[in-house]
Q: 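Attaching a single structure in structure tokens format; questions to follow.
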Amino acid sequence: MFEDRYGSDVLASGWRDKGKKVSKPVPAELDLVVEVAGDGWCGAITRVEAGNVELEDWKGRKRSFPLGGGFLIEGEPVILEKARAKPQGRTRTASGSFVAADDRARVALPSRILVEGKHDAELVEKVWGADLRAEGVAVEFLAGLDLLDELLRDEPPTATRRYGVLVDHLVEGSKEQRIARQILRGPHGKHMKIVGHPFVDVWQCVKPAALGIEKWPVVPRGQDWKTGICRGLGWPAETKEDLGLAWQRILSRVTTFRDLEPALLGRVEELIDFVTVGEQ
């Protein structure tokens, strides 16, 4: 008895490869440890670029090799291929909403959201900017609630041009509350929504934890609030530039809605819903 290495059919294809190990394709993923056949170099994949794979050995030395065959994993031949991008689920914006399938900005709607100052506008843009562009909603700042009457006189709201207004320190008995009530009782009230948060300034709408502090400093009455905050945090507060840099420092720590107080989150969502009602 003997083994016929050619098989029963002498004309069958593949007899030369009988018994040989077949290389299987393997994605070249980072940290995968492979050996270069016939070379002995063994290392973990640290980069895949321009058709090459970079391997780093245990001594930290790096070498590059062409993707393809000629590699071993645990002694078995493999063909390294560029890893395919893994399918991702639906992504979310900084506000937590799902990114629309068509995320191109729409033409701005006549309706708009008004905020009291530049810092308010920048914070709203950073967290809700993607949502607002998708809806076609513009955000403008008034430089003070006192100037709202002037805007209403020059460009009054209508059923198709609604105004949503975000106000700082909108609490019972405040000047802001009196102004808001007076406006809403006037001829333009039915086409407007005025909401606000209870904090002295939009700075406080950022959670202290986002800044790595336990709580915001308490500013004594009679002292400029932003100046007092900066001094309480040990930041420069001598010039307007100092205050501007302080705000940029605060804003840089905001990445998602989770860095903001719920008292602001709900109010902005209300305004977005109000100015986009009926708009598709």
Side-chain angles (χ1 to χ4, degrees), residues 90-170 176 179-181 183-184 186-199 201-207 247-248 250-252 254-280:
R90 296 181 65 188
T91 56
R92 292 180 180 270
T93 65
S95 71
S97 62
F98 286 114
V99 175
D102 182 358
D103 57 0
R104 291 173 297 180
R106 292 179 57 185
V107 175
L109 299 175
S111 300
R112 67 192 78 169
I113 291 177
L114 308 172
V115 297
E116 287 200 83
K118 180 181 177 181
H119 294 178
D120 305 67
E122 290 176 340
L123 185 60
V124 170
E125 161 62 27
K126 185 157 190 182
V127 177
W128 289 275
D131 307 83
L132 293 170
R133 285 187 290 276
E135 295 289 347
V137 176
V139 176
E140 300 177 4
F141 65 90
L142 295 165
L145 189 60
D146 297 338
L147 301 179
L148 182 56
D149 276 335
E150 182 179 338
L151 174 66
L152 297 178
R153 182 181 64 250
D154 296 340
E155 298 182 54
T158 66
T160 57
R161 182 170 62 193
R162 294 183 165 202
Y163 291 161
V165 186
L166 180 67
V167 181
D168 295 335
H169 198 229
L170 190 62
E176 291 79 6
I179 294 175
R181 284 178 174 172
I183 292 173
L184 291 176
H188 307 304
K190 63 181 179 179
H191 302 309
M192 298 183 63
K193 189 176 189 68
I194 301 178
V195 299
H197 57 76
F199 305 108
D201 190 271
V202 74
W203 288 21
Q204 278 186 302
C205 292
V206 179
K207 290 181 178 179
W247 167 242
Q248 292 305 315
I250 294 169
L251 185 62
S252 70
V254 176
T255 56
T256 74
F257 70 97
R258 295 182 179 86
D259 297 317
L260 302 182
E261 296 287 354
L264 174 69
L265 297 175
R267 305 298 77 75
V268 175
E269 297 291 346
E270 282 185 55
L271 295 182
I272 294 175
D273 289 343
F274 177 75
V275 298
T276 57
V277 64
E279 298 287 348
Q280 298 295 334

Q: Tell me, please, which residues at least two apart from E261 pass side chain to side chain donor-acceptor pair (under 3.5 Å).
A: none
Q: State which residues pass side-chain contact (heavy atoms from CB on, under 4.5 Å) with I250; sequence neighbours excluded, sorted by chain then number.
A: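 I250 satisfies side-chain contact (heavy atoms from CB on, under 4.5 Å) with W203, V206, L211, W216, W235, W247 once adjacent residues are dropped.
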Q: Quick one: NE2 on H188 to CD1 on I183, what's the gap to the nearest 0.5 Å?
A: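 Going from NE2 on H188 over to CD1 on I183, the span is 9.5 Å.
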Q: Going by the salt bridge (Lys or Arg N to Asp or Glu O under 4.0 Å) test, which pairs reach into residues 187-197, not counting sequence neighbours?
A: K193-E270
Q: For the residue pair E116 and L166, establish whether any side-chain heavy-atom pair is separated by less than 4.5 Å.
A: no
Q: Only counting residues at least two apart or in another chain, list the ones meeting salt bridge (Lys or Arg N to Asp or Glu O under 4.0 Å) with R161.
A: none
Q: Between T276 and V137, does the side chain to side chain contact (heavy atoms under 4.5 Å, CB included) criterion hold? Intermediate values first, please.
A: CA-CA 8 Å; T276 57; V137 176; 3.5 Å; yes
Q: List the residues meeting salt bridge (Lys or Arg N to Asp or Glu O under 4.0 Å) with D259, not counting sequence neighbours, and say none if there are none.
A: none
Q: With side chains defined as the heavy atoms from C-beta onward, is the minimum distance between L260 and L123 less than 4.5 Å?
A: yes
Q: Output all residues satisfying side-chain contact (heavy atoms from CB on, under 4.5 Å) with A138, sequence neighbours left out; order by chain, then residue number.
A: none
Q: Applying side chain to side chain donor-acceptor pair (under 3.5 Å), name anything that partners D168, two or more places apart in sequence or on another chain.
A: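 So D168 forms a side chain to side chain donor-acceptor pair (under 3.5 Å) with H197.
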Q: Kindly list each side-chain donor-acceptor pair under 3.5 angstrom involving residues 139-153, sequence neighbours excluded, with atom names and distances?
A:
| residue | atom | partner | partner atom | Å |
| --- | --- | --- | --- | --- |
| E140 | OE1 | R112 | NH1 | 3.3 |
| E140 | OE2 | R112 | NH1 | 3.2 |

Q: Can you name the side chain to side chain donor-acceptor pair (under 3.5 Å) partners of S252, sequence neighbours left out?
A: none
Q: Which residues pass the side-chain contact (heavy atoms from CB on, under 4.5 Å) test with P262, not counting sequence neighbours?
A: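 Only K207 meet the side-chain contact (heavy atoms from CB on, under 4.5 Å) criterion with P262.
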Q: Can you see which heavy atom on L271 is nearest to which on G164, and at what distance?
A: CD2-CA, 3.7 Å
Q: Might you point out which heavy atoms bring A121 and V115 nearest each other, and give the distance in Å?
A: N-CG2, 3.6 Å
Q: If every non-hydrogen atom of R162 is compared with every non-hydrogen atom of S111, which pair is closest and at what distance?
A: N-OG, 2.8 Å
Q: Report the distance from atom CD1 of I194 to atom CD1 of I179, rounding to the nearest 0.5 Å.
A: 9.5 Å
Q: Output yes when R133 and E125 qualify as a salt bridge under the 4.0 Å nitrogen-oxygen rule, no when they do not.
A: yes
Q: Taking the side chain as C-beta and beyond, is there a heavy-atom pair between I272 and I113 under 4.5 Å?
A: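 The answer is yes; the side chains approach within 4.5 Å.
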Q: What is the minimum heavy-atom distance between K126 and V254, and which atoms define it?
A: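 Nearest heavy atoms, K126 then V254: CE-O, 2.8 Å.
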Q: Return the CZ to CH2 distance between F257 and W128, rounded to the nearest 0.5 Å.
A: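 Taking CZ in F257 and CH2 in W128, the distance rounds to 10.0 Å.
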Q: Just how far is it from atom NE2 of H119 to atom CG of D201, taken to the nearest 0.5 Å?
A: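 These two atoms lie 8.0 Å from each other.
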